[in-house]
Protein chains: 2
Amino acid sequence: MKDMNRSDHIINVANRLILEKGYSAFSYADVAAEIGIQKASIHYHFPSKANLVQNVVGRYRQEVRANLSKLDSLTNDPREKLEQYLSYWEASLQSKATDICLCAQLASEIPILPEEVTREIRGHFRDITDWLVRLLRDAAAENRFAGGEAPINEMAHSILASIHGGLLASRAFNDARQFSMVKNRLMSLINGKTTVAK
Amino acid sequence: MKDMNRSDHIINVANRLILEKGYSAFSYADVAAEIGIQKASIHYHFPSKANLVQNVVGRYRQEVRANLSKLDSLTNDPREKLEQYLSYWEASLQSKATDICLCAQLASEIPILPEEVTREIRGHFRDITDWLVRLLRDAAAENRFAGGEAPINEMAHSILASIHGGLLASRAFNDARQFSMVKNRLMSLINGKTTVAK
DNA sequence: GTCTATAGCCCGATAGAC
DNA sequence: GTCTATCGGGCTATAGAC
């Protein structure tokens with residue numbers, strides 16, 4: 001965090017400000033003031049607001065993909081994977097109520113977002129949904145999927161919706177327990193590994 | 001819709017613009033232009049933006065409460081109630097992708113909203129959650145709650161989160177089917193009435 | 001109740017010196 | 001790469017005529 005080039009620093013600050021205020025309400029002036037430079041300097045690195053935000057969301061997607069890959073390499077247990085993923089958000093909310101998913105935050109402004117940003121947001125939603133589909137298939141293959149006859153695809157979309165809604169509610173009430181309730185329900189969808197055959 | 005006093009007309013237009021652009025991006029100028037009056041005229045009816053939006057959300061809450069009461073009086077079947085409620089949003093999304101829940105839309109801007117607006121949003125979330133709790137209790141009383149041992153309160157919060165996330169996703173992809181998938185999953189939580197004992 | 005006019009501020013973006 | 005200065009425009013809100 002200490003040695004950071006200017007572009008990365010700008011992206012970091014912009015990311016946080018978007019989570020706090022949304023796309024329309026955060027400004028070059030906000031970012032500049034916090035870093036201690038002038039607005040014009042930001043335009044040198046990111047010529048337009050649309051360009052800046054596209055870079056912010058692009059980096060967010062990169063990080064998320066890296067984290068999910070790491071999670072996939074750490075364990076093969078689908079329940080454990082889901083637990084880790086949900087715990088990440090739970091911990092994030094506990095430390096700072098505004099720390100929700102960048103794309104869930106931006107999604108509510110989609111009608112006024114530049115097209116290149118909208119594309120990134122949709123791409124992110126597909127990334128997570130695909131990951132959830134693979135996770136649920138793994139669980140189903142081990143007969144540990146507790147969703148009955150529910151189609152996997154439908155279930156994956158529904159899980160993502162719960163997560164986003166839960167993040168939003170947690171922030172609205174400044175209370176991480178709103179998300180924890182969602183987490184509890186979601187975890188019940190995948191049964192634990194039975195170590196001893198019955 | 002024809003005979004409408006000026007205040008109601010302003011509230012209607014503001015409501016739609018908030019759904020399209022959010023709190024920070026919609027303006028008195030937008031509303032004035034669409035109605036065909038001047039910005040200053042709006043300030044006569046609603047002295048500040050905070051006041052205007054509080055009135056918009058206040059009226060929304062009134063309407064929702066009235067609709068839920070009506071729904072409660074039309075049927076005692078919890079499954080039928082949930083179906084009707086979810087179908088309302090499904091139809092709304094099919095006719096216009098931006099027509100999501102006003103409070104779900106505003107929730108993402110909570111950190112920058114005037115306190116009186118935040119209070120209304122939280123109140124609305126509690127209204128719906130309470131309604132869902134009653135609905136789930138009714139279902140449980142008839143042994144038609146399919147959520148196993150899940151605590152009713154946790155389930156109600158989780159359902160509301162799914163709904164909000166589903167609305168957001170539908171709008172993000174401009175595709176009502178995103179919400180329909182959530183609806184299908186939610187409907188499976190309450191069993192149908194068995195007309196003949198097995 | 002609606003208008004014109006305007007105050008005072010913030011916005012994204014650009015030009016050009018250094 | 002960063003700065004100062006500025007353009008052209010948007011914003012909320014108010015004053016005061018009608």
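Sequence lines set the chain letters: A, B, ... in the order given, protein chains first and strands last, and positions in each chain run from 1.
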Q | Nucleotide-resolved protein contact map, nucleotides 2-15 of chain D, B/S/- at heavy-atom distance under 4.0 Å | A | BBB------SBBBB
Considering residues at least two apart in sequence or located in another chain, which fulfil the side-chain contact (heavy atoms from CB on, under 4.5 Å) criterion with [X]?
| X | result |
| --- | --- |
| A/Leu113 | A/Tyr23, A/Leu106, A/Glu109, A/Ile110, A/Val117, A/Thr118, A/Ile121 |
| B/Asn51 | B/Phe46, B/Pro47, B/Ser48, B/Asn55 |
| A/Glu120 | A/Gln54, A/Val57, A/Arg61 |
| B/Ala25 | A/Ser24, A/Ile112, B/Lys21 |

Q. Partners of A/His157 by ring-ring contact (aromatic ring centres under 6.0 Å, His included), sequence neighbours excluded?
A.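 Testing A/His157 for ring-ring contact (aromatic ring centres under 6.0 Å, His included), a comparison that skips the adjacent residues, returns none.
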Q. Residues two or more places apart in sequence or in another chain: which of them pass ring-ring contact (aromatic ring centres under 6.0 Å, His included) with B/Phe145?
A.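 Here no residue qualifies.
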Q) Does any residue of residues 105-119 of chain B have a heavy atom under 4.0 Å from DNA chain C, and if so, which ones, in number order? A)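 DNA chain C contact set from residues 105-119 of chain B: none.
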Q | Residue pairs passing the salt bridge (charged side-chain N to carboxylate O under 4.0 Å, His left out) test where at least one lies in residues 4-17 of chain A, sequence neighbours excluded | A |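 Checked against salt bridge (charged side-chain N to carboxylate O under 4.0 Å, His left out) - neighbours excluded - the pairs reaching residues 4-17 of chain A are A/Arg16-A/Glu34.
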